[in-house]
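Keep in mind it's a predicted model, so treat the numbers as computed, not measured.
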Amino acid sequence: MKHTFLLIAFLIVKFCYAQDTKEVAGKILSSTVSMITKDKDFQTLALGSGFITDNEEVVTNLHVVEGAKHVFVIKNKSVEEIGSSGYISLDKENDIILLKVPGLIGEKLEISQTTFPQIGEQIFVAGNPKGLSGTFSDGLVSGIRELENRKLIQISAPISPGSSGGPVVDKSSSLIGVSVGGISDGQNLNFAIPAMYVKELIENKSSLNQFNFSKSKVTNTPYDDIREGVLAQDITFNIQDWGDGLPKHLQSFSIRNNLSYPVFNIKVLFIVYNDKGIPTDSHEETYCRYSSDAIRPHLAYRVKIRAWGYVENIKATEHWEIRVLDFEIVK
């Protein structure tokens, strides 16, 4: 009888936990949005995550929208891109921004916790890692750390590229932080910006401001505005026999320098789109990192794809694009 009672009690606890987790997942995923940033020509720059704090208002990381001319959000289980008209609050020190998104209506995340969470407290994270929208995971608060003169919450839940800007909540679905990133060389070393800074961000709303953030270094040279003339071309796929019906994968491409100056440290963005033309995945790589490897004027450098996991799996049958994002000129 004693063992039967313990078994029943265990099943009740397990059932209640599962129900609570499902409720948290439903709440947080309804509030989470995908972020897509684009340049002046409406070419995709990057993917990220954000969350709704009120009708027509979304919080995300500042670094998600840096360098963008246009910012769009997509609600979970939707394909509609809703454009942001600008931002109404900004906290550069803590890497968060409050966006104005006209016409956006959705589930609002509450911010009741304005202190640091307890170490060992269970947390849940939502986001769009590598463009996979509606991803939900759980973990624990591992510690409160001070990195680069700011307090961050260390969590065990994974934060992958594309998850930055997504919400971190407690068991009551209340916001405790904003996913900001992790240390790539460490296991489960992931961090979130405390919710108290998000609360301050919302309380300090101002008039509408346009996006004018830039990732480029500020220098006084005649080369600063040159970002055209270097492009990816001559894309090839492998010729191995993968069997009937199996697609051929990306093998190599050339970086062409059409400028009159040698170029190096070339940042390239790989983007995969779904059938509706919406980006679902992205990955950045840098080539010719040193000036000694610079591509000379009006010449090309062929890049052979290595086993990167993501890039090697780009298929010829998919909708995809390779873009040159940035580069440096040998002075």
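- Between Asp138 and Lys171 there is no salt bridge, since none of the side-chain N atoms of the basic residue sits less than 4.0 Å from a carboxylate O of the acidic one.
- Electrostatic pairing of Lys75 and Glu80 does not count as a salt bridge here, judged by no charged N lying under 4.0 Å from a carboxylate O.
- Residues Lys108 and Asp54 are paired through a salt bridge, judged by an N-O separation under 4.0 Å between the basic side chain and the carboxylate.
- Once rounded to the nearest 0.5 Å, the distance linking OH of Tyr290 with CG of Asp293 reads 8.0 Å.
- A donor-acceptor contact shorter than 3.5 Å links the side chain of Asp170 to the backbone of Ser172.
- For the ring-ring contact (aromatic ring centres under 6.0 Å, His included) condition, the pairs that include at least one residue of residues 28-54, sequence neighbours left out, are Phe42-His70.
- Applying the salt bridge (Lys or Arg N to Asp or Glu O under 4.0 Å) test to Glu107 and every residue at least two apart in sequence or in another chain returns Lys27.
- The pair Lys267-Glu285 does not count as a salt bridge, with every side-chain nitrogen at least 4.0 angstrom from each carboxylate oxygen.
- Under the rule for a side-chain contact (heavy atoms from CB on, under 4.5 Å), the partners of Ile105 that lie at least two apart in sequence or sit in another chain are Asn55.
- Between the side chains of Gln233 and Arg256, no donor N or O sits under 3.5 Å from an acceptor N or O.
- When Val178, Asn94, Asp91, Ile111 are each tested for a side chain to side chain contact (heavy atoms under 4.5 Å, CB included) with Leu201, only one passes: Asp91.
- In this structure, Phe136 has its ring center closer than 6.0 angstrom to the ring center of Phe124.
- Counting only N and O atoms by type, the side chains of Thr236 and Ser252 include a donor and acceptor under 3.5 Å apart.
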